[in-house]
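Notes for the one structure printed next.
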Amino acid sequence: METDRRRTTMRRVDYARYGPPEVLTIVEAPRPSIRPRTVLVRVAASSLNAIDWKNRQGRFRAVTGLWRPRTRQGFDVAGTVLAVGAGVVGFRTGDRVFGLLGNFTGGAFADEVLMRPGQLELVPRGLGFTEVAGLPMAATTAWQALFELGRLRPGQRLLVNGGSSGVGHFAIQLARAHGAYVTAVCSDRNADFCKALGADEVVDYAIRDFARDRDRFDVVFDVVNNRSLVQVRSALRRHGTYVGTTPTPRLLWSILTTSQAKFVAVSPRSDALAAIRALVEQGLVRTHVERVYPLEEIVAAHRDAERQRTRGKLVILLDERP
Ligand SMILES: NC(=O)c1ccc[n+]([C@@H]2O[C@H](COP(=O)([O-])OP(=O)(O)OC[C@H]3O[C@@H](n4cnc5c(N)ncnc54)[C@H](OP(=O)(O)O)[C@@H]3O)[C@@H](O)[C@H]2O)c1
């Protein structure tokens with residue numbers, strides 16, 4: 001839907017209480033006004049991340065102390081710049097951009113969103129908004145986990161536990177582009193998918209337990225978080241690193257007691273987006289979009305996402321034009 005400039009409201013996904021997907025509604029909300037040092041983006045597409053359904057379920061309320069939801073839905077943005085605030089350099093009205101909103105902010109499941117320039121990059125050349133929308137959170141998480149926390153180097157061995165997931169399918173591609181040897185853990189139905197993304201080896205989690213391997217991996221990226229450093233330590237090489245994506249008590253304990261365990265907390269930064277954009281433009285990284293939902297089907301999209309069977313990404317389309 002193209003936003004009529006004269007309208008003062010826009011569509012936005014909202015939820016007044018934690019609960020099942022049906023707590024989500026589409027409301028008419030005020031359009032954001034441009035402010036200094038911000039960029040106003042008309043959202044063409046976004047994508048679902050686990051944080052969206054976990055926020056909706058109220059999974060973080062004990063940590064945040066928020067007994068009513070405050071964080072908005074949607075973190076990935078792909079769209080067009082509508083206006084730039086005073087003091088912004090590098091972006092102009094009409095630019096096609098993609099970016100990632102902060103973990104405690106959100107708000108991408110809306111026709112328009114205000115962003116900081118440091119959360120944005122120009123879209124990769126030749127890519128449509130649907131594919132771009134799957135990139136920001138999942139690919140940035142993989143990039144920061146592998147290269148900032150895991151310090152993965154060319155020639156090293158990486159294991160991705162959850163190779164077919166949103167984060168995992170980018171991790172395989174990023175690591176391969178970097179010259180690492182990649183083992184992906186996935187189900188039998190996703191083995192060919194992970195190999196096509198560049199995995200050198202696949203391990204069917206129903207048949208083989210990768211944690212029984214000895215002295216094998218320089219980095220274990222546990223996207224599924226069903227393992228711990230203690231369980232995978234023998235599979236890690238000396239000085240190898242275990243990176244998890246969920247701050248479970250056992251991961252936090254490992255971080256406190258060893259230097260081998262890390263937790264990736266994705267941080268919206270344009271340097272990661274720029275690196276990802278370059279790899280996409282070189283044809284080394286692509287988004288696998290499993291399904292596209294119009295905004296009106298947000299409840300169905302959440303239902304599908306929380307089943308955790310998605311291959312690649314689920315995209316939310318806000319602007320029907322290609
Ligand atoms: N800390 C952060 O900054 C951050 C950022 C992003 C994501 N995350 C977290 O990372 C996790 C993954 O997110 P996501 O969006 O990538 O997940 P996702 O796409 O929903 O994951 C679904 C995929 O996982 C696979 N899978 C399920 N169980 C598996 C198992 N036991 N072994 C291997 N693969 C398995 C499924 O394949 P099959 O159906 O074939 O099993 C499916 O392809 C979530 O917990 C999320 O909260 C954290």
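Remember, it's 1-based here, ligands and their atoms both numbered in the order they're listed. In this chain, numbering begins with 1 at the start of the sequence shown.
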Just which atoms of ligand 1 are under 4.0 Å from any heavy atom in [X]?
X    : result
F263 : 1 (N)
N226 : 31 (N)
A265 : 3 (O)
S164 : 25 (C), 36 (C), 37 (O), 42 (C), 43 (O)
G162 : 33 (C), 34 (N)
R189 : 38 (P), 39 (O), 40 (O)
G166 : 16 (O), 19 (O)
V223 : 10 (O), 11 (C), 12 (C)

Residue [X] excluded, over 12 heavy atoms near [atom1] under 6.0 Å:
X    : atom1 : result
R92  : CZ    : no
R286 : CZ    : yes
R237 : CZ    : yes
R72  : CZ    : no

Could you tell me whether the side chains of [X] and [Y] share a donor-acceptor contact shorter than 3.5 Å?
X    : Y    : result
N49  : K313 : yes
R214 : S234 : yes
T9   : E28  : yes
H302 : Q73  : yes
N161 : R227 : no
S47  : D76  : yes

Set of side chain to side chain donor-acceptor pair (under 3.5 Å) partners for R238, sequence neighbours left out: none
Closest protein heavy atom to [atom], given as residue, atom name and distance to 0.1 Å:
atom                    : answer
atom 22 (C) of ligand 1 : Q308 O, 3.4 Å
atom 40 (O) of ligand 1 : S187 OG, 2.4 Å
atom 43 (O) of ligand 1 : T310 O, 2.5 Å
atom 32 (N) of ligand 1 : Y205 CD2, 3.1 Å
atom 48 (C) of ligand 1 : T245 O, 3.2 Å
atom 5 (C) of ligand 1  : T141 OG1, 3.2 Å
atom 17 (O) of ligand 1 : S165 CB, 3.8 Å
atom 39 (O) of ligand 1 : R309 NE, 2.5 Å

Taking non-hydrogen atoms only, is [X] closer than 4.0 angstrom to ligand 1 via side chain, backbone, both or neither?
X    : result
V266 : both
K54  : side chain
N190 : side chain
T246 : side chain

task: Identify whether the distance between the nearest side-chain nitrogen and carboxylate oxygen of R309 and D304 falls below 4.0 Å.
output: no
[X] N/O under 3.5 Å from ligand 1 N/O:
X    : value
N103 : no
G168 : no
N49  : no

task: Answer yes or no on whether R96 is positioned over the face of F129, meaning its NZ or CZ is under 6.0 Å from the six-membered ring centre and within 45° of the axis.
output: yes
message: Can you see whether F109 has R11 sitting over its ring - NZ or CZ less than 6.0 Å from the centre and within 45° of the normal?
response: no
- line: Restricting to heavy atoms, the pick from T248, V167, N161 nearest atom 13 (O) of ligand 1 would be V167
- prompt: Does ligand 1 have an atom under 4.0 Å from some heavy atom of A138?
  reply: no
Donor-acceptor list for residues 142-159 side chains, cut-off 3.5 Å, not counting sequence neighbours:
| from | atom 1 | to | atom 2 | distance (Å) |
| --- | --- | --- | --- | --- |
| Q144 | OE1 | S267 | N | 2.9 |
| Q144 | NE2 | S267 | O | 2.9 |
| E148 | OE2 | R269 | NH2 | 2.4 |
| Q156 | OE1 | R153 | N | 2.9 |

